[in-house]
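Report on the structure given below.
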Amino acid sequence: MAPDQVKVAPSLLSADFARLGDQAQAVLDAGADYLHVDAMDGRFVPNLTFGAPVVEALDAITDAPLDCHLMVREPDDRLEEFLDAGADIVTVHAEAATHLNRTLTRIRDAGAKAGVALNPHTPVGVVRNVVDLVDLLLVMTVNPGFSGQDFIETSPEKVRRARQLLDEHDSGAELQVDGGIGPDTSPRVRKAGANVLVAGSAVFGAGEPFEQRIPRLRGRQA
């Protein structure tokens, strides 16, 4: 994927929580496209993180798209709170949504974009019958639940299969990757067809300013 076709969605899970609003604005000023908000319930994944109040607070200070990744059981029970809080993209896990067609329809009917996330072990084909309802397909390149994990080496092949499925259906859905994405791994997933990169440690880690890190993920030198 060419650099000018690639979007970057910094994961706020790796930001400094004491300065969350300032850091969110800083990455946007540096060229980020989305703000990625990881919502975990401590049940679907072994961690507990952001809830809808954080989304509402971010929505009050920015017009940037809020990309909300719900790593929760029974996502249908949580949709309204995130949609009402201002989520622009709501992604649910195929493994957690019992009636995926209905869930995606609810998200779209509320005026948001609907996403489906796939855990590393979940085959791409599970979205084949709902692909017409998918605005974003998220391929997890680590097991969800914690930031800073190592990239799963077989992920690019799965991204290629996901890109093939979307292309076969003439889908305009974005293909997002999340987990272990940094300067060394982003070229591999971009080449495989991903066009939205979620990155936490590679953006918020110590070192270079955001204005250098974000273009590098796209394949550009700042």
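FYI, side chains are in, hydrogens and waters are out, and symmetry mates aren't considered; it's all heavy atoms of this structure.
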CG/N129: more than 12 non-hydrogen atoms of other groups inside 6.0 Å: no
Is it the case that atom CG in D4 sees more than 12 heavy atoms from other parts of the structure closer than 6.0 Å? yes
Assign the ring pair F17 / F50 to parallel, tilted or perpendicular, where the plane angle (0 to 90°) is split at 30° and 60°. tilted
Give the cluster check for L100 versus V134: same hydrophobic cluster or not, with ILVMFWY residues linked at side-chain heavy-atom distances below 4.5 Å. yes
For residues 164-183, which residue pairs pass the salt bridge (Lys or Arg N to Asp or Glu O under 4.0 Å) check, not counting sequence neighbours? K7-E174, R128-E168, R163-D167
Testing the basics here: between G125 and L165, what is the closest heavy-atom pair and its distance to 0.1 Å? CA-CD1, 4.3 Å
I need the R19 CZ to Q25 CD distance, nearest 0.5 Å. 13.5 Å
Does E74 have any salt bridge (Lys or Arg N to Asp or Glu O under 4.0 Å) partners at least two apart in sequence or in another chain, and if so, which? R43
Do D67 and V37 touch side chain to side chain, with heavy atoms closer than 4.5 Å? no
Counting C-beta onward and ignoring hydrogens, is there a side-chain heavy-atom pair between P144 and P120 closer than 4.5 Å? yes
Show your working on side-chain hydrogen bond (donor to acceptor under 3.5 Å, both in side chains) between D76 and T103 and close with a plain yes or no. CA-CA 6 Å; D76 288 88; T103 303; 2.9 Å; yes
With side-chain contact (heavy atoms from CB on, under 4.5 Å) as the criterion, how do I89 and I107 come out once you've worked through the C-alpha distance, each side chain's angles and the decisive distance to 0.1 Å? CA-CA 9 Å; I89 305 168; I107 295 169; over 6 Å; no
How many angstroms lie between CD1 in I181 and CZ in R190, if you round to the nearest 0.5 Å? 10.0 Å
T122 and E95: side-chain contact (heavy atoms from CB on, under 4.5 Å), yes or no, with the steps? CA-CA 8 Å; T122 303; E95 304 85 3; 2.4 Å; yes
Are N195 and Q176 close enough, and set up right, to give a side-chain hydrogen bond (donor to acceptor under 3.5 Å, both in side chains), and what steps lead you there? CA-CA 6 Å; N195 67 323; Q176 186 177 80; over 6 Å; no
Within one Ile-Leu-Val-Met-Phe-Trp-Tyr cluster: L118 and F44, side-chain cutoff 4.5 Å: yes
Between P183 and P187, which heavy-atom pair has the shortest distance, and what is it? O-CD, 3.2 Å
So how far is it from H36 NE2 to L13 CG, rounded to the nearest 0.5 Å? 8.5 Å
Look only at the side chain of D33 and the backbone of V8, and say whether a donor-acceptor pair between them is shorter than 3.5 Å. yes
Looking at R78 and L70, would you say the former's side chain and the latter's main chain have a donor-acceptor pair under 3.5 Å? no
Would L58 and V54 count as a side-chain contact (heavy atoms from CB on, under 4.5 Å) here? Give the steps. CA-CA 6 Å; L58 290 167; V54 172; 4.1 Å; yes
Backbone of G180 reached by a side-chain donor or acceptor of T185 within 3.5 Å: yes
D41/R73 under salt bridge (charged side-chain N to carboxylate O under 4.0 Å, His left out): CA gap, chis, key distance, verdict: CA-CA 7 Å; D41 64 357; R73 291 186 184 175; 5.8 Å; no
Side chain of T141, backbone of S155: donor and acceptor closer than 3.5 Å? no
Just wondering, are more than 12 heavy atoms of other shown residues or ligands nearer than 6.0 Å to NZ in K158? yes
Is it true that a side-chain atom of R218 and a backbone atom of V6 form a donor plus acceptor pair closer than 3.5 Å? yes
Should V127 and L138 be counted in the same cluster of Ile, Leu, Val, Met, Phe, Trp and Tyr side chains packed under 4.5 Å apart? no
Smallest heavy-atom separation, A117 atom then H69 atom, equals CB-NE2, 3.9 Å
Please round to the nearest 0.5 Å and tell me the distance separating atom OG of S186 and atom CZ of F151. 9.5 Å
Shortest non-hydrogen separation from L197 to V177 and the atoms involved: CD2-CG2, 3.6 Å
Let me check something: do M140 and I152 share a hydrophobic cluster, defined by ILVMFWY side-chain heavy atoms less than 4.5 Å apart, either directly or through other members? no
So, taking the atom named CG in L20 and the one named CD1 in I61, what distance separates them when rounded to the nearest 0.5 Å? 7.5 Å
Can you find a heavy atom in the side chain of Q164 that is under 4.5 Å from one in the side chain of R160? no
Residue D63 excluded, over 12 heavy atoms near CG under 6.0 Å: no
Full working for side-chain contact (heavy atoms from CB on, under 4.5 Å) between V72 and F82: CA-CA 12 Å; V72 301; F82 282 92; 6.0 Å; no
Separation between CG of D59 and CD of E56, rounded to the nearest 0.5 Å: 8.0 Å
Which atoms form the tightest heavy-atom contact between L175 and V159, and what is the distance? CD2-O, 3.7 Å
Are the side chains of V45 and N143 in touch, meaning some heavy atoms are under 4.5 Å apart? no
Verify same cluster id: V90, L35 (apolar side-chain graph, 4.5 Å): yes
Considering only heavy atoms from C-beta outward, does the side chain of Y34 approach that of V196 to under 4.5 Å? yes
Go through the steps for D135 and R108 under the test salt bridge (charged side-chain N to carboxylate O under 4.0 Å, His left out), then give the verdict. CA-CA 9 Å; D135 299 300; R108 292 179 122 203; 2.9 Å; yes
Please report the shortest heavy-atom distance between G86 and V55, naming the atom on each side. C-CG1, 4.2 Å
